J.: 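I have a structure here, written as structure tokens, and I will follow up with some questions on it.
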Amino acid sequence: MSLTLTSSSLALEHTLSCLHKCSKEVELKQVHAHMLKSGFFHDPYAITKFLSFCLSSSTFSSYAQDVFLNGLDRPDTFLWNLMIKGLSSSDQPESSLLLYHRMLSSSAPHNPYTFPFLLKACSNLSAFQETTQIHAHLTKLGYANDVYSVNSLINSYAVTGRFNHARLLFDRIQEPDLVSWNSVIKGYAKAGEMVTALTLFRKMPEAKKNAISWTTIISGYVQAGMNKEALQLFHEMHNSNVPPDKVSLASALSACAQLGALEQGRWIHSYADKERISIDSVLACALIDMYAKCGDMEEALRVFKDSKKTKSVQVWTALISGYAYHGLGGEAMNTFTEMQKMGVKPNAITLTAVLTACSYTGLVEQGKSVFYTMERDHNVKPTIEHYGCVVDMLGRAGLLDRAKRLVQKMPMKANAVIWGSLLKACQIHKNIELGERIGEILIRMDPNHGGRYVHTANIHAMGKKWDKAAETRRLMKDKGVVKLPGCSMISLEGTTHEFTAGDRTHAEIEKIRTKWRAVKRELEGNGYVPELEDVLLDLADDEEREAIVHQHSEKLAVAYGLMKTKPGTTIRIMKNLRVCKDCHKVMKLVSKIYKRDIVMRDRTRFHRFRDGKCTCGDYW
DNA sequence: GTAGGGTTAG
């Protein structure tokens with residue numbers, strides 16, 4: 001007797017191991033048929049394993065639904081919950097809610113486990129309406145004091161941005177547990193209410209805080225663009241009694257990437273090594289992105305090569321994006337080819353990165369070919385981001401008519417990003433008429449964005465329409481809109497120095513300005529004439545315009561770099577806006593005359609200056 | 001059974 005039991009359970013284990021090897025529906029059907037024939041489908045354990053496997057794969061989740069609804073006799077609450085849970089994190093979480101409706105008319109009663117799963121589906125759908133419905137429903141059914149259900153509700157409200165709803169529930173809990181705290185904090189963080197989020201975080205009992213609590217507040221800061229604050233908290237975490245885990249590291253690395261904080265990024269990398277935190281694909285991605293955005297492509301490539309043999313599509317994408325904003329189009333395309341050879345399927349983001357690379361490096365034909373075959377070859381329908389890349393690519397290449405036609409015939413309405421890139425193309429290629437029309441559209445779309453007015457005024461000025469330029473400036477002033485000030489950063493021995501145009505707050509500002517004047521004289525001796533095109537403004541007076549370009553923050557930063565670093569040291573500068581034509585020219589000359597490599601990150605990409613040339617090939 | 005992470009067009 002015991003022998004037959006063993007052999008049948010061995011047979012089941014063997015069948016289940018076959019199940020886990022299924023990748024096509026035909027194979028799955030075979031295993032299913034075998035299980036029916038062997039009577040395994042009367043065994044709740046076997047049914048559970050079968051459904052769980054199907055639910056864990058996106059290709060088989062509809063098969064699971066079919067088997068569940070048509071192939072089982074009165075499934076119990078446990079199986080209903082299993083299905084609702086599985087579908088809640090599938091690519092169609094709404095099917096989880098639909099299944100619940102069928103559960104209500106079935107013979108299986110709900111239990112306390114049902115609601116957290118349903119609310120998980122709501123969070124994944126970011127569905128506020130459905131959350132309120134389930135909230136009302138579970139209250140009526142008497143689960144309003146079930147801590148799991150309440151915490152799930154807080155989380156759903158947090159995810160849908162309703163921090164007041166989340167707070168109301170939180171305040172009613174007698175003794176909020178760890179998850180209650182973390183969820184309500186996330187509610188504020190998600191909505192960018194970082195002051196309240198931090199207040200709650202400080203109020204949270206120290207003994208309760210875990211790595212998730214810390215990471216929630218840190219990534220909240222990152223999402224709000226408050227990267228310095230994020231890193232401060234990360235350091236505080238490091239000194240607390242909760243050591244950072246890999247998720248905390250990934251969040252902190254994202255802050256480093258945005259700040260261009262290479263030193264701190266390196267420190268986090270070595271921390272992971274020292275603490276033997278294994279570099280999974282998410283961490284590899286974060287590291288590659290950080291090194292790439294901090295200008296160190298060599299190290300990004302090293303992390304890529306050291307990561308697991310079978311790399312996720314995200315890891316490949318991170319490397320391709322890195323090449324894109326370093327202007328290494330050939331490397332980006334080679335990586336894209338290599339990845340497909342390895343059998344990794346590109347996703348929508350990969351294709352955006354590939355198209356960006358084509359756009360930044362002028363690979364127009366290759367870009368067009370990727371774009372027009374992406375749906376056929378990769379089953380990715382072009383989204384506005386893809387159209388944006390192609391419009392940008394055509395515009396930069398001077399094919400303004402084609403870019404404009406693409407905007408007109410694309411299946412979605414152009415947004416400010418698309419118009420913005422067309423306007424930039426109009427400026428580069430001096431298409432004033434089209435540029436003026438786009439400028440007006442942009443101001444209407446983005447009336448509180450200073451840059452829109454500035455660019456529009458500039459294109460008017462380019463056509464010498466001084467009155468229109470002045471009018472645009474006045475409109476901006478009347479609305480009280482201000483332009484984001486240009487700002488450059490340079491890191492020296494671990495300290496970051498920040499400069500803004502005309503800024504006099506730096507302790508050594510007088511020395512720096514003197515240094516810049518000396519550099520300028522040196523450049524002039526080598527034939528430097530200022531490029532004033534980007535500073536057309538509405539100023540007719542060249543001297544006035546020249547005075548403005550010479551206050552640009554990157555010039556102060558490079559002068560400071562020359563003052564403070566040994567000859568031959570690479571100078572690394574980070575900028576928050578796009579570099580202007582004159583500053584670009586100056587960097588090229590400095591690299592040649594002072595024999596310095598200069599790596600400059602602007603708003604969108606990298607420029608590497610060496611011996612009078614830039615890797616962008618003056619194409620940015 | 002509930003809470004935190006990476007790649008995305010100007």
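Note on naming: letters A, B, ... go to the chains in the order of the sequence lines (proteins, then strands), and numbering restarts at 1 for each one. Since this is a predicted model, take the numbers as computed values, not measurements. Quick note: numbers below take in every heavy atom, side chains included, and nothing from hydrogens, waters or symmetry partners.
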J.: Between dG6(B) atom P and His269(A) atom NE2, what is the distance in whole Å?
T.: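 About 18 Å, once rounded to whole Å.
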J.: Have a look at Arg605(A) and say if it touches a base, only the backbone sugar-phosphate, or nothing, with a 4.0 Å heavy-atom cut-off.
T.: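 If one applies the 4.0 Å heavy-atom cut-off, Arg605(A) turns out to touch nothing in the nucleic acid.
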J.: Can a donor-acceptor pair under 3.5 Å be found between the side-chain atoms of Ser421(A) and the base atoms of dG10(B)?
T.: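 No, the side chain and the base share no sub-3.5 Å donor-acceptor pair.
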J.: Rounding to a whole Å, what distance do you find between Ile268(A):CD1 and dG5(B):P?
T.: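 After rounding, the reported distance stands at 16 Å.
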J.: Checking all strands, does Thr352(A) fall into the base, sugar-phosphate, or nothing category for heavy-atom contacts under 4.0 angstrom?
T.: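 If one applies the 4.0 Å heavy-atom cut-off, Thr352(A) turns out to touch the sugar-phosphate alone, with no base involved.
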J.: What contact category does Asp146(A) fall into here, base, sugar-phosphate, or nothing, at under 4.0 angstrom with non-hydrogen atoms?
T.: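 Touches a base.
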J.: For Ile384(A), which contact category applies under a 4.0 Å heavy-atom criterion: base, sugar-phosphate, or nothing?
T.: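 Base, at least one base atom sits under 4.0 Å.
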J.: If you take atom types as modelled and just measure distance, does the side chain of Asp177(A) reach the base of dA3(B) with a donor-acceptor pair under 3.5 Å?
T.: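 Looking at the base of dA3(B), it does not pair with any donor or acceptor on the side chain of Asp177(A) (distance under 3.5 Å).
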J.: What is the distance, to the nearest angstrom, from the NE2 atom on His135(A) to the C1' atom on dT2(B)?
T.: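 In whole Å, dT2(B) C1' lies 15 Å from His135(A) NE2.
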J.: Could you state the CD1-P distance from Ile154(A) to dG4(B), rounded to the nearest angstrom?
T.: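 In whole Å, dG4(B) P and Ile154(A) CD1 are 13 Å from each other.
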J.: Between dT2(B) atom C1' and Asn151(A) atom CG, what is the distance in whole Å?
T.: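 Asn151(A) atom CG is separated from dT2(B) atom C1' by 6 Å.
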J.: Using a heavy-atom cut-off of 4.0 Å across all strands, would you classify Arg578(A) as base, sugar-phosphate, or nothing?
T.: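 Answer is sugar-phosphate: Arg578(A) comes under 4.0 Å of backbone atoms only.
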J.: For a quick check of understanding: with a heavy-atom distance under 4.0 Å over all strands, which category does Asp245(A) fall into, base, sugar-phosphate or nothing?
T.: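 Answer is base: heavy atoms of Asp245(A) come under 4.0 Å of a base.
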J.: Checking all strands, does Leu178(A) fall into the base, sugar-phosphate, or nothing category for heavy-atom contacts under 4.0 angstrom?
T.: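 The residue Leu178(A) makes base contact.
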J.: NA contact type, Phe371(A), heavy-atom cut-off 4.0 Å: base, sugar-phosphate, or nothing?
T.: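 Answer is nothing: Phe371(A) stays at 4.0 Å or more from every strand.
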J.: With a non-hydrogen cut-off below 4.0 angstrom, is Cys285(A) in contact with a base, only sugar-phosphate, or nothing?
T.: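 Result for Cys285(A) = base.
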J.: Of the options dG1(B), dG6(B), dG10(B), whose atoms approach the side-chain atoms of Ser254(A) most closely?
T.: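 Nearest to the side chain of Ser254(A) among the choices is dG6(B).
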J.: So Ala284(A), base contact, sugar-phosphate only, or nothing? Heavy-atom distance under 4.0 Å.
T.: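 Answer is nothing: Ala284(A) stays at 4.0 Å or more from every strand.
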J.: Heavy atoms under 4.0 Å, any strand shown: does Asp602(A) hit a base, just sugar-phosphate, or nothing?
T.: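 Here Asp602(A) touches no strand at all.
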J.: Determine the contact category for Phe78(A): base if any of its heavy atoms lies under 4.0 Å from a base atom, sugar-phosphate if only primed atoms, P, OP1 or OP2 are that close, otherwise nothing.
T.: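 Touches nothing.
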J.: Whole Å only: how far is the CD1 atom of Ile320(A) from the P atom of dA9(B)?
T.: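 Checked: the CD1 to P distance equals 14 Å.
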J.: Reckon Asp280(A) touches a base, only the sugar-phosphate, or nothing at all at heavy-atom distances under 4.0 Å?
T.: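 Base, at least one base atom sits under 4.0 Å.
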J.: Categorize Ser152(A) for me: base, sugar-phosphate, or nothing, with a 4.0 angstrom heavy-atom threshold over every strand shown.
T.: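 Sugar-phosphate: the residue Ser152(A), judged by heavy atoms under 4.0 Å, touches backbone atoms but no base.
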J.: Write down the distance between CD1 (Ile277(A)) and C1' (dG5(B)), rounded to a whole number of angstrom.
T.: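 Taking atom C1' of dG5(B) as the reference, CD1 of Ile277(A) is at 13 Å.
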J.: Can you find an N or O donor on one side and an acceptor on the other, under 3.5 Å apart, linking the side chain of Ser248(A) with the base of dG5(B)?
T.: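 No such pair is found, so the answer is no.
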J.: So, is Lys186(A) close to the dG4(B) phosphate, meaning a side-chain N or O under 4.0 Å from OP1 or OP2?
T.: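 Yes.
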